[in-house]
Amino acid sequence: MEAHSTGGNVGEKADVEMAGSPFEPYIESLRQQLEEQDPVFLIGVIVALAVVVITCVFLKYFLTSKTVRTSVLLVGLCDSGKTLLFSRLLSGKFKRTQTSITDSSAPYKAKNDRGSTWTLIDLPGHDSLRPQYLEKFKSAARAIVFVVDSAIFQKEVRDVAEFLYVLLTDAVITRNAPALVVACNKQDITMAKSAKLIQQQLEKELNTLRVTRSAALSSQDGSVGGSMYLGKKGKDFEFSQLPMKVEFVECSARGSKGEDGGDADMELLEKALAKL
């Protein structure tokens, strides 16, 4: 009786173990099939699976981290003519303007065969407002149109260069490398400086600024506090050293006839935007 009882207990225990492992037959079958396979084949399968997993992870990271940059930012000092340029680009019409204290945006259709459409954004030019609006929109910038008052450039060259320096040493802008179009505005005024002269003087002024501020660039990679080194070390600064495409164009948003005429000269600026 005891033997029978013991045998019964053993059988019940085996039944419980089998019931607790319903996948054991499948696992055992899979193990046997793997053992029968060529090791080289198994390694190839593992490598292929690893490649698929890594690719999926990379694509997920790339697609979720990539920022779609479809904005064209109009920046510059106060009274450089940004807001009138904004109006001319959108409607071709003259519009009385005043100093902007907030941003304005609207869809802009480039004059090219592709029919490209960008978001044109006019940023305030006052020095107390510029940083916060630049921070807000810089990541979305496909291009930056830096507007310069060509008529009084000689008086403002230091201020213009300092603002440009901030833009061109910004880590986000340097990484994204949006196209930079320097719009030398107010060419209708007799004393206006040419785009070539403005470029040359800005290069000299930016080179001087780089020297005076180089002490702050102390880290090994040339960056500190979100700022990057301007141009190439050991060489005088030139716009050709920048990671983005740079173009200087002459334009006149007002025109010699002011609000009564349509003689504004926007052609070169519009051609530059058509290349984006």
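All values below were derived from every heavy atom in this structure, side-chain atoms included, with hydrogens, water molecules and symmetry-related copies excluded.
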Notebook entry, point to check: Ignoring hydrogens and geometry, is there a side-chain-to-backbone donor-acceptor pair from Arg210 to Leu230 under 3.5 Å?
Noted result: yes
Checklist line | Nearest-0.5 Å distance, CG of residue Leu74 to CG of residue Leu120 | finding: 4.5 Å
Item checked: Atom CD of Gln241: over 12 foreign heavy atoms under 6.0 Å -> yes
Notebook entry, point to check: For Glu162 and Val166, what are the C-alpha separation, side-chain angles and deciding distance, and is it a side chain to side chain contact (heavy atoms under 4.5 Å, CB included)?
Noted result: CA-CA 6 Å; Glu162 287 183 344; Val166 171; 5.9 Å; no
Check: So, Ser116 side chain and Asn112 main chain: donor-acceptor pair closer than 3.5 Å or not?
Finding: no
Next item on the list: Output the distance between atom CD (Gln200) and atom NZ (Lys196), rounded to the nearest 0.5 Å.
Entry: 6.0 Å
Checklist line | Tyr165 and Arg213: CA distance, side-chain angles, deciding distance, side chain to side chain contact (heavy atoms under 4.5 Å, CB included) verdict | finding: CA-CA 10 Å; Tyr165 187 92; Arg213 299 189 183 189; 3.4 Å; yes
Note to self: I want to check a possible cation-pi pair here: Lys82 against Phe86, using under 6.0 Å from ring centre and within 45° of the ring axis as the test.
What the structure shows: no
Next item on the list: Enumerate the residue pairs fulfilling side chain to side chain donor-acceptor pair (under 3.5 Å) with a member in residues 101-110, sequence neighbours excluded, ordered by first and then second residue.
Entry: Thr102-Tyr133
Note to self: Would a single hydrophobic cluster contain both Ile121 and Leu276, if residues Ile, Leu, Val, Met, Phe, Trp and Tyr are joined by side-chain heavy-atom contacts under 4.5 Å?
What the structure shows: no
Margin query: Any non-hydrogen side-chain atom of Leu168 less than 4.5 Å from a side-chain atom of Met244?
Written below: yes
Next item on the list: Please step through side chain to side chain contact (heavy atoms under 4.5 Å, CB included) for the pair Gln154 and Gln201, ending with a clear verdict.
Entry: CA-CA 9 Å; Gln154 212 68 45; Gln201 292 201 9; 2.9 Å; yes
Check: Same cluster for Leu206 and Leu167 if Ile/Leu/Val/Met/Phe/Trp/Tyr side chains link at under 4.5 Å?
Finding: yes
Item checked: Close side-chain approach of Val75 to Val147, heavy-atom, < 4.5 Å -> no
Item checked: From CA spacing to verdict: side chain to side chain contact (heavy atoms under 4.5 Å, CB included), Arg88, Leu269 -> CA-CA 11 Å; Arg88 287 287 198 187; Leu269 177 57; over 6 Å; no
Checklist line | pair Val72-Thr119: side-chain heavy atoms closer than 4.5 Å | finding: no
Notebook entry, point to check: Nearest 0.5 Å, what's the CG-CG distance between Leu90 and Asp122?
Noted result: 9.5 Å
Check: Looking at side-chain heavy atoms only, is the closest gap between Leu77 and Val160 below 4.5 Å?
Finding: yes
Checklist line | Donor-acceptor pair, side chain of Gln199 and main chain of Phe248, under 3.5 angstrom | finding: no
Note to self: Within the 4.5 Å heavy-atom criterion, are Met191 and Ile152 side-chain neighbours or not?
What the structure shows: no
Notebook entry, point to check: Given side chains that start at C-beta, do those of Phe146 and Leu202 come closer than 4.5 Å, heavy atoms only?
Noted result: no
Next item on the list: Sequence neighbours left out, what passes side chain to side chain donor-acceptor pair (under 3.5 Å) with Lys111? Give chain and number order.
Entry: Glu270
Notebook entry, point to check: If two hydrophobic side chains count as joined below 4.5 Å and joins carry through other members, does Ile173 share a cluster with Val148?
Noted result: yes
Next item on the list: Kindly indicate whether the side chain of Leu85, heavy atoms from C-beta on, has any atom under 4.5 Å from the side chain of Met266.
Entry: yes
Notebook entry, point to check: When rounded to the nearest 0.5 angstrom, what distance separates CZ in Arg69 from CH2 in Trp118?
Noted result: 10.5 Å
Checklist line | Residues Lys232, Glu238: salt bridge by 4.0 Å N-O rule | finding: no
Next item on the list: Would you give the length of the straight line joining atom CG of Leu242 to atom OG1 of Thr169, rounded to the nearest 0.5 angstrom?
Entry: 10.5 Å
Notebook entry, point to check: What are the two closest heavy atoms between Ile144 and Ala141, and how far apart are they?
Noted result: CG1-CB, 4.2 Å
Mind listing the side-chain donor-acceptor pairs of residues 176-187 below 3.5 Å, one per line with the distance, residues two or more places apart or on another chain?
residue : atom : partner : partner atom : Å
Asn185  : OD1  : Ala253  : N            : 3.1
Asn185  : ND2  : Ser80   : O            : 3.0
Lys186  : NZ   : Asp79   : O            : 2.8
Lys186  : NZ   : Asp149  : OD2          : 2.9
Gln187  : NE2  : Ser150  : OG           : 3.0
Gln187  : NE2  : Cys184  : O            : 3.4
Gln187  : NE2  : Lys193  : O            : 2.9

Checklist line | Ile101 side chain reached by Pro124 side chain, heavy atoms, under 4.5 Å | finding: no
Checklist line | N/O donor-acceptor pair under 3.5 Å between Arg130 side chain and Gly125 backbone | finding: yes
Check: Picking from Leu84, Ile189, Asp265, what satisfies side-chain contact (heavy atoms from CB on, under 4.5 Å) with Ser252?
Finding: Asp265
Notebook entry, point to check: Under 4.5 Å between side-chain heavy atoms, hopping through other hydrophobics if needed: is there a path connecting Leu89 to Val249?
Noted result: yes
Next item on the list: For the pair Ser71 (side chain) and Leu73 (backbone), establish whether a donor and an acceptor sit closer than 3.5 Å, ignoring hydrogens and angles.
Entry: no
Notebook entry, point to check: So, Lys138 and Asp170, do they make that salt bridge, N to O below 4.0 Å?
Noted result: yes
